[in-house]
Protein chains: 4
Amino acid sequence: MAAVEKPRGLARENILDSATRLFLDKGIDKASLSDIAAEAGVSKGTLHYHFASKNDLIFHITETHMEAITDELLSLLNRMKKCPDRLFSALMSSLLEAKGRGRLHLHLVREAVAGNPELRSKIAGSYKGWENLLQDSLSQLFPGHRAPAFAAQLIISIIDGFIIQDLVRQKEVDFTHLVEALMALNVFFSEKPDLEKLMV
Amino acid sequence: MAAVEKPRGLARENILDSATRLFLDKGIDKASLSDIAAEAGVSKGTLHYHFASKNDLIFHITETHMEAITDELLSLLNRMKKCPDRLFSALMSSLLEAKGRGRLHLHLVREAVAGNPELRSKIAGSYKGWENLLQDSLSQLFPGHRAPAFAAQLIISIIDGFIIQDLVRQKEVDFTHLVEALMALNVFFSEKPDLEKLMV
Amino acid sequence: MAAVEKPRGLARENILDSATRLFLDKGIDKASLSDIAAEAGVSKGTLHYHFASKNDLIFHITETHMEAITDELLSLLNRMKKCPDRLFSALMSSLLEAKGRGRLHLHLVREAVAGNPELRSKIAGSYKGWENLLQDSLSQLFPGHRAPAFAAQLIISIIDGFIIQDLVRQKEVDFTHLVEALMALNVFFSEKPDLEKLMV
Amino acid sequence: MAAVEKPRGLARENILDSATRLFLDKGIDKASLSDIAAEAGVSKGTLHYHFASKNDLIFHITETHMEAITDELLSLLNRMKKCPDRLFSALMSSLLEAKGRGRLHLHLVREAVAGNPELRSKIAGSYKGWENLLQDSLSQLFPGHRAPAFAAQLIISIIDGFIIQDLVRQKEVDFTHLVEALMALNVFFSEKPDLEKLMV
DNA sequence: TATGAATGAGTTTTCATTCAT
DNA sequence: AATGAATGAAAACTCATTCAT
C-alpha cells in the first residue's frame, strides 16, 4: 500500500511550480515562457503541450493560489471557533507570513485588473467567498455584531493593505497593535459591547 | 494679462499625459512606447528625446503621482484641523475618488516590487512621508493618542486595501461604516477614551 | 555509401556562412542581423534562436576563422619541414591568397580592439599560438637561430602589415623580394650564418 | 605681436578633438554624433553646422591624422640624413609611441576598407607618399640599395604589423632586435653589403 | 508525451539628419 | 554661429506560438 511515485503529471507540476516561482519573482510579464520552461527543465514545446497559452498558465496558477488561501482561511476559522480573541492574530500571521504569497498575489491582481476580465472575475469570486466565510465567523463569534459584512470586508482590506506595505517598505509589521485594534473594532460593533474589555 | 499658452514643453506634457493614461489603462508592461508615442501624437524618436528610456518615463510618472497624493493629503489635513470627526470621511473620499488614480497606483507599486528597486525606494519614501503627516495630525486631533504611528499605518493600509477591493470587485464601498469604524479605532486609542461617544 | 546530405544544422551553417560573408564585405557594424538573416534565408527569430546575440555570432566566427588559420599554418609547417627555403614563399602565398580572409581578419581585430575584451583575448591567444608554432619551426630549420621568438613575431607582423597594404592599396605584392628578404633575415640570425648564401 | 586667443573655429577644433578621441576609443561606428557633441560641449545642431555629415567628420580626421604622420616622417628623415644606423630605431619609436595613434589608424583603415572608397583612396595616397619618402631616404642613405622601393614597403608593413600586435597583445615590443633585423635587411640589399658589419 | 527548430510580430532603443528660431 | 526639438528609419533583441517529428 506504499504510495508509488507518480510520474503522472510530473512535468505539469514542475511547470506550475516554476511558473509560480518566476511569476512571484519577476512579475508575470517579465517571466517569459522560455524562462519558465528552462526553470522547469522542459522544452517550450512541452510547456505548450500542457498549457495552451500563457494565459492558460496564469489562470491555473491563480486558481491554485486562490484555492490555497481559501482552504487555509477555512481551516483557520474552524480551528478558531472557540477563541475569538485569537482569531485576528492567527488570521494576520497565517495570511501574511507565507513567504512570497503576497508578492504573487499582487502580480495576479494586477494582471487581472489590467485587461484580463476573466481572471478578474475569478479573483473577485474568491474575494467574495472569503468575505462570506469571515462574515459568518464573525456573526458566530460576536453574537449580535452590528456589521459583520462590513467588518469582514475591512479585515480583508487591511490584510491586502499590509501586504502592500510589507512589499514596498519591507519592514516588520506591528501585529500586537493590529490585533488589538481589530478586537476593539469588533467588540465595539457587538450588540452589547463589553467596553471594559477594550480598556484592558 | 491672461497667461498665454506656452508651447514650451508641450510635447513633453503630452507624452507624460498619454503615458499616464496608457499605464493606468493597460498596465505598464502592456503599454508600449509605440502606443504612447502614437497617443501623444509624436514620433518614437521624440519620445526618446524627452525620456531616455521607458524606466525614465515610469520614474517621472511615479514622481508626479506620488507628489500629487502627498499634496492632496497635506492640504486635506490642513483643512481638517478643526474637525477631527470629518477627517476620515474626507480622507477616504478624497483619496479613493480620483478616477484612475487607484489603478495607476497598483501598476506603479507592482512595477516597483517586481525588480525596480530604485522605484521601490521612491515609493517607500512617499509612504513613509504620508505616515508621518498622518501621525502628526492624529497627535494633534486626538491628544493623548496611544499609538498615532500605528494608527497612521493602519489607515494607509486600509486605503490601499480598499483600492484593491475597488479594482477587483468594482462595487461601491460603504463609507458610512468605514468612517464610523475608523473613528471608533481612534477614540479607542485616545488617552481618555470617551466610550460613550463610541456608542452614539 | 555516399554521405547523405544532412539537413542537421543546415540553418546554423547558413547563418555562419552568410554572416562571415557580410562581415567580411561590409564590416561587422554595418552588417545588420537583418541583412544576415535575409542572406541566410531565415527569419531574424531563427537567427536569434541559434545565436543569442550579435556578439555570440561574432565570437563563433572569430573562433572558426582563427582555427582555420592555425590549422593551415600547422599543416604548412609540417609539409615544409624539409625545405626551409620554400617555407617563406609557402607561408606568404598561403596566408595572403585566401580571398577575403584578410578583410575578415581586419574587421575582427578591430572589433576586438574596440571594446570587446573577451574577443581580444581570444585573438591574442591565437597570435601567441602562431608565434610559438613558427618559433619551433624556425628553431628546427635554422639550428642555432639567435632569436627565433623575435623572428616569429616579425614574420607575423609582416604578414599583417602586408594584409593591410593589400586591402588599402589593392596592388599586387612582390613576393619574390619578400621571400628573399625573409630568408636573409633568418640566415643572418643563424649561429653560423652562411653569408655567401645571402648573396646569391 | 602677442598671439591673441582665437575663438575663431574654437568649436570646430573642439569637435575635431573630441571626435578623434572617441573614434580612437570606441571605434568609428560606436562613437555616435551625440557622444561627440556632448564630449565637445556643443549641440548636435552645431556639430552639423560645422560638418555636414559623419562622413565629412571622418574625412577631416583622416586627413589630419595622415598629414601628421607624413609630417613627422618627413622631419624625421631629414634629421636622420647623417646617421643611417639610427634611422630605424628613430622610425619605430617615433611612429609607434604616439599613444592612441595606432588605435585611430586601425579604425580609419577599417572604415576605409569597409565601404568608403573615397576614404580608402585618400589613405592609399598617404601610404604611397610614405613609401616614396622612405624609398628616397634609403637610396640616399644606402647608395646602391638593390630594392629601395620594396624595402620601404616592407618597413611600412612591419610598422603596421607591430601596431596590430601591440593593440591585440598589449605587450611591449622588443625594439632592439627589431632595429637590428631591419639594419640587416637593408645592408643585405646594398650593392656591396658590408657583411662584416652585420656580424657585429 | 515531448521536443527542437522556426517564425513573425512586436519591443525598446539608437542615431544621423533636418529645421525653425 | 548656434541650438533644441523633432523625426523616421533601422538597429538589436524578445517572445508567445506553431509544427513536424
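Residue numbers start from 1 in every chain, and the chains themselves are labelled A, B, ... in the order their sequence lines are given, proteins ahead of strands.
Here D:T46 does not reach the OP1 or OP2 of F:dA1: none of its side-chain N or O atoms lies under 4.0 Å away. Look at B:H50 and you won't find any side-chain N or O under 4.0 angstrom from OP1 or OP2 of F:dG4. Distances shorter than 4.0 Å separate some side-chain N or O of B:Y49 from OP1 or OP2 on F:dA5.
Atoms CG (D:L33) and C1' (E:dT18) sit 13 Å apart, rounded to a whole Å. As rounded to whole Å, 12 Å separates atom P of E:dA5 from atom CG of C:L10. Atoms CG (A:D29) and C1' (E:dG10) sit 14 Å apart, rounded to a whole Å. For the pair B:F51 CZ and F:dA5 P, the computed distance is 12 Å after rounding to whole Å. D:L47 has its CG atom 14 Å from the C1' atom of E:dT18, to the nearest Å. When the P atom of F:dA5 is taken as reference, atom CG of B:N14 falls 15 Å away, rounded to whole Å. Taking atom NZ of C:K54 as the reference point, atom P of E:dT14 lies 15 Å away to the nearest angstrom. For the pair C:K30 NZ and F:dA10 P, the computed distance is 16 Å after rounding to whole Å.
D:K26 and D:D35 are joined by a salt bridge, as a carboxylate oxygen and a charged side-chain nitrogen come within less than 4.0 angstrom of each other. With respect to C:R110 and C:D29, a salt bridge is recorded, a charged nitrogen being found less than 4.0 Å from a carboxylate O. Using a 4.0 Å cut-off between charged side-chain N and carboxylate O, A:E111 and A:K54 make no salt bridge.
Across all strands shown, F:dA10 is found opposite E:dT13 as a Watson-Crick or G-U wobble partner, with both distances under 3.5 Å. For F:dA1, there is no paired nucleotide, since no Watson-Crick or G-U wobble pair has both relevant distances below 3.5 Å. Of all nucleotides present, only F:dC15 satisfies the Watson-Crick or G-U wobble test against E:dG8, with each distance under 3.5 Å.
For C:H48, the side-chain atoms get nearest to F:dC13 when compared with the rest of F:dA6, F:dC13, E:dA16.
Mapping C:S32 and C:G45 onto DNA chain F by nearest heavy atom places C:S32 closer to the 5' end of the strand. For the pair C:G41 and B:D35, both in contact range of DNA chain E, the more 5′-proximal nearest nucleotide belongs to C:G41.
Between C:H60 and C:F51, the ring-plane angle classifies as perpendicular under the 30° and 60° cut-offs.
Between the side chain of A:R103 and the backbone N or O of A:L24 there is at least one donor-acceptor pair closer than 3.5 Å.
At a threshold of 4.0 angstrom between heavy atoms, the contacts of B:S43 include nucleobase atoms, whether or not backbone atoms are also involved.
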